[in-house]
Number of protein chains: 2
Amino acid sequence: MSRQMVRPGGRSARVQASVHDAVRALMSEVGRDALTVPLVAQRAGVTPSTIYRRWGDLKELLSDVAVERLRPDTAPRDQGDLSADLTAWAEQFLDEMASASGRAYIRDALLGDPVGRNAGQCSAYAAEQIDVILGRATERGEDTPDVETVVDRVVAPLMYRILFRPAGLDGTYARRLVAELLGTTDRDDR
Amino acid sequence: MSRQMVRPGGRSARVQASVHDAVRALMSEVGRDALTVPLVAQRAGVTPSTIYRRWGDLKELLSDVAVERLRPDTAPRDQGDLSADLTAWAEQFLDEMASASGRAYIRDALLGDPVGRNAGQCSAYAAEQIDVILGRATERGEDTPDVETVVDRVVAPLMYRILFRPAGLDGTYARRLVAELLGTTDRDDR
DNA sequence: CGACTAACGCAAACCCTTAGCTTTTGGTCG
DNA sequence: CGACCAAAAGCTAAGGGTTTGCGTTAGTCG
């Protein structure tokens, strides 16, 4: 999801694509900390001023790339029942996000984001995945919490600990969060 | 909590204090976005290279200052019972953290923090406050959840939404989180 | 009290950032 | 289809933030 979609066809689109590609390529070649706007520009075959004008800042460019990277590429697998689906999703979510690179992407997404658009997009991705899982469960006739409850009880604790307490996170924690949530869904909250 | 406490007495301490003071003063005078290392250095009566060597980066310096700013200055007020204590604390926490300046401080604390020391400190502050509240409740003979549960059920959802979905947050949400938590503390989780 | 060393000041080189101006390009209207 | 217009990219130079080596200062320890 890029900052601006003005003039979607033609040169603008090509420039944006090649800049994004350059960022991803250089990230794995020289590392995230060695990235600079002129370096990206050279690799993308563009002048630095173009990047500064379109993204304003290296932070904002990285934020854009990070959000793309954090977009889930496949729908969550159907494991047969809600508990298994949510558990598997939470474990995978934790795996991807708690890794060093995952945390870097999250921080990038949060960082160069004046209005919170990119951060909101990340949250929306998770909500979409959960919505698919809950929809399946509902079709099966299972009793399901709503998306916001899953966000509060599973996604938020995972993300909070990833950001503020990276130590000692593992699949056990993710599984427990799901178990505690599903053990109380018969209550009539909210 | 400063980055390094080597040689705590004498010049190092004075330099650190005057740099931190300069950051705080300039933040209110020229705004956070106008801060630069040379500007802070001049105000602090220090050369820029000193700041670069000790903090490495403007982000890391701001992260240090942000953590100081996020440290609670007083113990939570005693309102008579656990529900009232937790509710009042959660509302105040949301108030302070969800404001524009609060979010800026949180982001600063998270960003310039390679090893997660500052972020962990922020989390520890909240945990300390909650521990005081829970300790009082236990003394009264009330049935209390443990700190980690409160972090998962109240702090994490608040912080997640502050960071990823800043829109539409208010005291109602904070109160509901506490009410939902205390309505289920009789379960034997974990 | 004297040696040692971490930390700071100084200054120059580097290169990232910004801004004004020109040129190219893609959309649009006659 | 061709000409106009505005958006976006190229170019360049000035400004300033960042880095680094070296000399100096000031805590610390024997």
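Order of the sequence lines fixes the chain letters, A, B, ..., with proteins taken first and strands second; residue numbering starts at 1 for each chain. On a predicted model such as this, the values are computed, not experimentally measured, just so you know.
- When distances are taken from the side chain of A:Ser12 to each of D:dA8, C:dC8, D:dG17, the shortest belongs to D:dA8.
- Both B:Val154 and B:Leu169 are part of a single hydrophobic cluster, where members link through side-chain heavy atoms under 4.5 Å apart.
- Taking for each of B:Val15 and A:Thr36 the nucleotide of DNA chain C with the nearest heavy atom, the 5'-most of the two is the partner of B:Val15.
- By the 4.5 Å side-chain criterion applied to Ile, Leu, Val, Met, Phe, Trp and Tyr, A:Leu111 is assigned to a cluster that also includes B:Leu111.
- A straight line from CG of B:Leu35 to P of D:dG17 spans 12 Å, rounded to a whole angstrom.
- OP1 or OP2 of C:dG26 lies within a sub-4.0 Å distance of a side-chain N or O belonging to A:Arg14.
- Legend: residues meeting ring pair (Phe, Tyr, Trp, His ring centres under 6.0 Å) with B:Tyr160, ordered by chain and number and at least two apart, are B:Phe164.
- Side-chain atoms of A:Phe93 and A:Gln129, non-hydrogen and from C-beta on, never get closer than 4.5 Å to each other.
- Of the residues in residues 39-47 of chain A, not one comes within less than 4.0 Å of DNA chain C through any heavy atom.
- One atom, CZ of B:Arg53, and another, P of D:dC22, lie 12 Å apart when rounded to the nearest Å.
- Put simply, the side chain of A:Ser101 does not reach to within 4.5 Å of the side chain of A:Met27, judged on heavy atoms.
- If you check distances only, the side chain of B:Ser49 never reaches the base of C:dC8 with a donor-acceptor pair under 3.5 Å.
- Between A:Arg117 and A:Glu60 there is no salt bridge, since no side-chain nitrogen of the basic residue lies less than 4.0 Å from a carboxylate oxygen of the acidic one.
- Residues of residues 26-34 of chain A that place a heavy atom closer than 4.0 Å to DNA chain D do not occur.
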Per-pair distances, 0.1 Å, donor-acceptor, side chain in residues 77-86 of chain A, under 3.5 Å, sequence neighbours excluded:
unit_1, atom_1, unit_2, atom_2, d
A:Asp78, OD1, A:Gly80, N, 2.9
A:Asp78, OD1, A:Arg140, NH2, 2.7
A:Asp81, OD2, A:Ser83, N, 3.3
A:Asp85, OD1, A:Gln79, N, 2.6
A:Asp85, OD2, A:Arg140, NH2, 3.3

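- The CH2-C1' distance, from A:Trp55 to C:dC16, rounds to 18 Å in whole Å.
- The pair B:Arg32-B:Asp108 counts as a salt bridge, with a side-chain nitrogen and a carboxylate oxygen less than 4.0 angstrom apart.
- For B:Arg54 against C:dG9, a side-chain-to-base donor-acceptor contact under 3.5 Å is absent.
- Remark: B:Asp21 pairs with B:Arg24 by the side chain to side chain donor-acceptor pair (under 3.5 Å) rule, at least two apart or across chains.
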